[in-house]
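What you see is a predicted model, and the numbers here were worked out from it, not measured in a lab. Throughout, protein chains are lettered first and strands after them, A, B, ... in sequence-line order, and every chain is numbered starting at 1.
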Number of protein chains: 2
Amino acid sequence: MARYQVGIRTERKILEATRELLSEGGLDAATLKAICDRAGVQAGSFYNIFPSKEQAVMQVAREAIQAVDPDPEDSGTETLDDLVDAYIRFVTDQSDLARIYLQIAVSSSNDDSVARRFLRHHVRRVERFADAMARESEASPADTTAKAEVLLGALDGLAFRWVLDRSFDFAKHARFAVAQCRR
Amino acid sequence: MARYQVGIRTERKILEATRELLSEGGLDAATLKAICDRAGVQAGSFYNIFPSKEQAVMQVAREAIQAVDPDPEDSGTETLDDLVDAYIRFVTDQSDLARIYLQIAVSSSNDDSVARRFLRHHVRRVERFADAMARESEASPADTTAKAEVLLGALDGLAFRWVLDRSFDFAKHARFAVAQCRR
DNA sequence: TCCAAAATGGAGTGTATACTCAAAAAGTCG
DNA sequence: CGACTTTTTGAGTATACACTCCATTTTGGA
């Protein structure tokens, strides 16, 4: 039942090809054919590993986010600055994937399962922000959650702004937002 | 040659059908076939009026954006609360348009005329927010603009959040954000 | 009433897409 | 090796899409 090594290697090749294509040309460029061509693989192999193209795209997005996660183990030691820095790094370093992330999230509003996944991710992130805030000052829990929601909203909104205009200084405004939040 | 009345009526029917479909199911739902079916028109008629589907969608988006920005003259008397209330009303009352707005903006490519239009609209709104803030307290202009950018980012982000989960209390968090901004 | 321009119907085209399937090949392990 | 499982192949399917073509009908001004 254990997977063969060659299959795992193929999975990596496919994910890498998908990641490259998403970075280069966005969602539209990452067609099944393009992914398979670049990975040097046939469509059948793709579907031997992934149930759908969307699953592969989602996994790429997930890995990109994890790659900048300051505390993947969720040990509860990260600071608010750690979290904000991670967000900034994701948006500035993995800019193309950040755009894809927004694109998928916004266009998934009809498809419940995808929207729920994004929502779950968002909620978890709000909790981590709120926990980090609670660690550095003692306000009421309800207030802290609302504050975290607003701060994360500001980061999302500024990222959206940045998608429209790449000359926008995202990092500066993100730091401004968190400073204002702390006041 | 002057256009016939019937052609103008057909154009309105097509635009109306497009607007409805965009509201109901987003960009994906507004296929050429769906638009023509709802407008009670054949594909040939559509292309007698519009050079492409994209043009029709663009025109709908343009009209929607104008509807959201009813005072481009900026008479200079609106308060920050006025602006935030208008935003809240737009998101809660015109929820479908809000979603389309996000969807089109985020899926338009970077150097697109569409993206530029959204950006121009955003920048103008930031200016109005900043002006309103300046009227109720005297900080440095640069600081005020950054504050306006963050506040509007927060509103955009919270709207995005609300698109993912309609049980989210957008109005409450929006007011929380502006209160925090004023502190 | 005439008639050229405008509008329409609607079948048809080309293209791109995600995805399937059964047979063949290759990997794993006793 | 030999039995068993996983992986790969690659042609093939189904479908959806924007858009075209042009004969026919309708319009509205002179």
Side-chain angles (χ1 to χ4, degrees), chain A residues 1-22 24-61 100 103-104 107-108 110-114 117, chain B residues 1-22 24-61 100 103-104 107-109 112-114:
Chain A
M1 267 313 167
R3 293 190 51 190
Y4 288 1
Q5 287 306 311
V6 63
I8 293 170
R9 254 178 282 133
T10 299
E11 180 174 350
R12 290 316 313 172
K13 278 195 294 183
I14 290 173
L15 288 172
E16 181 63 12
T18 305
R19 198 189 58 72
E20 288 174 14
L21 286 164
L22 286 176
E24 290 168 16
L27 269 181
D28 293 341
T31 67
L32 193 74
K33 185 177 175 351
I35 292 169
C36 291
D37 283 355
R38 179 158 313 197
V41 146
Q42 298 294 329
S45 294
F46 184 100
Y47 284 97
N48 181 51
I49 292 169
F50 297 98
S52 73
K53 192 192 85 168
E54 193 186 271
Q55 288 301 309
V57 171
M58 292 296 288
Q59 183 156 341
V60 167
I100 302 292
Q103 217 169 326
I104 296 176
S107 59
S108 76
N110 300 323
D111 183 355
D112 263 2
S113 74
V114 181
R117 176 149 54 234
Chain B
M1 265 312 166
R3 293 191 52 191
Y4 289 174
Q5 286 306 311
V6 64
I8 293 170
R9 255 178 282 132
T10 299
E11 179 173 350
R12 289 317 310 174
K13 278 195 294 183
I14 290 173
L15 287 173
E16 181 63 13
T18 305
R19 198 190 58 74
E20 287 175 14
L21 286 164
L22 286 176
E24 290 169 15
L27 276 178
D28 292 343
T31 66
L32 192 73
K33 184 176 173 354
I35 291 169
C36 291
D37 282 356
R38 179 159 313 197
V41 147
Q42 297 295 328
S45 297
F46 184 100
Y47 284 98
N48 182 50
I49 293 169
F50 297 98
S52 73
K53 193 192 85 169
E54 198 61 22
Q55 287 303 310
V57 171
M58 280 308 113
Q59 185 155 339
V60 169
I100 294 302
Q103 214 170 334
I104 294 181
S107 60
S108 65
S109 118
D112 210 351
S113 69
V114 186

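A heavy-atom distance below 4.5 Å is not found between the side chains of A:Ile104 and A:Glu54. Using a 4.5 Å cut-off on side-chain heavy atoms (C-beta onward), A:Ile100 and A:Gln103 make contact. Between B:Phe50 and B:Leu15, the closest side-chain pair of non-hydrogen atoms falls below 4.5 Å. The shortest distance between side-chain heavy atoms of A:Thr18 and A:Gln59 does not fall below 4.5 Å.
Computed from coordinates, the A:Ile14 CD1 to C:dA18 P distance equals 14 Å when rounded to whole Å. Between B:Phe50 atom CZ and C:dT8 atom P the separation is 12 Å, expressed in whole Å. Computed from coordinates, the B:Ile8 CD1 to C:dA5 C1' distance equals 14 Å when rounded to whole Å. Rounded to whole Å, atom P of C:dG9 lies 11 Å from atom CD1 of B:Ile49. We find that CG of B:Asn48 is positioned 5 Å from P of C:dA7, with the value rounded to whole Å. In this structure, the CD atom of A:Glu11 is 14 Å from the C1' atom of D:dT6, given to the nearest Å. Residue A:Ile35 contributes atom CD1, which lies 12 Å from atom C1' of C:dT17 at whole-angstrom precision. Atom CZ in A:Arg9 sits about 13 Å away from atom C1' in D:dT8, given to the nearest Å.
Taking side-chain N and O atoms only, A:Thr10 has a distance below 4.0 Å to OP1 or OP2 of D:dT8. For D:dG28, neither phosphate oxygen OP1 nor OP2 lies less than 4.0 angstrom from any side-chain nitrogen or oxygen of B:Tyr4. Side-chain N/O atoms of A:Arg3 include one lying less than 4.0 angstrom from OP1 or OP2 on D:dT7. The phosphate of C:dG9 has OP1 or OP2 within less than 4.0 Å of a side-chain N or O from B:Ser45.
Partner of B:Val41 under the side chain to side chain contact (heavy atoms under 4.5 Å, CB included) criterion, out of B:Asn48, B:Ile35, B:Ile49, B:Thr10: B:Thr10 alone.
Pairs passing the salt bridge (charged side-chain N to carboxylate O under 4.0 Å, His left out) check and including a residue from residues 34-51 of chain A, sequence neighbours excluded, read A:Glu20-A:Arg38, A:Glu24-A:Arg38, A:Lys33-A:Asp37.
Closest-nucleotide positions on DNA chain D for A:Gln5 and B:Pro51 were compared, and the one nearer the 5' end corresponds to A:Gln5. Between B:Gly40 and A:Ala43, the residue anchored closer to the 5' end of DNA chain C is B:Gly40, taking for each the nucleotide with the nearest heavy atom. Heavy-atom distances to DNA chain C give each of B:Gln42 and A:Gly44 a nearest nucleotide, and the one nearer the 5′ end belongs to B:Gln42.
When each of C:dC19, D:dT27, D:dA18 is scored by its nearest atom to the side-chain atoms of B:Lys53, the top-ranked nucleotide is D:dA18.
Residues from residues 24-32 of chain A placing a heavy atom under 4.0 Å of any atom in DNA chain D do not occur.
A salt bridge between B:Arg19 and B:Glu16 is present, with a side-chain N of the basic residue lying under 4.0 Å from a carboxylate O of the acidic one.
Within 4.0 Å (heavy atoms only), B:Gly7 reaches sugar-phosphate atoms of the nucleic acid but no base atom.
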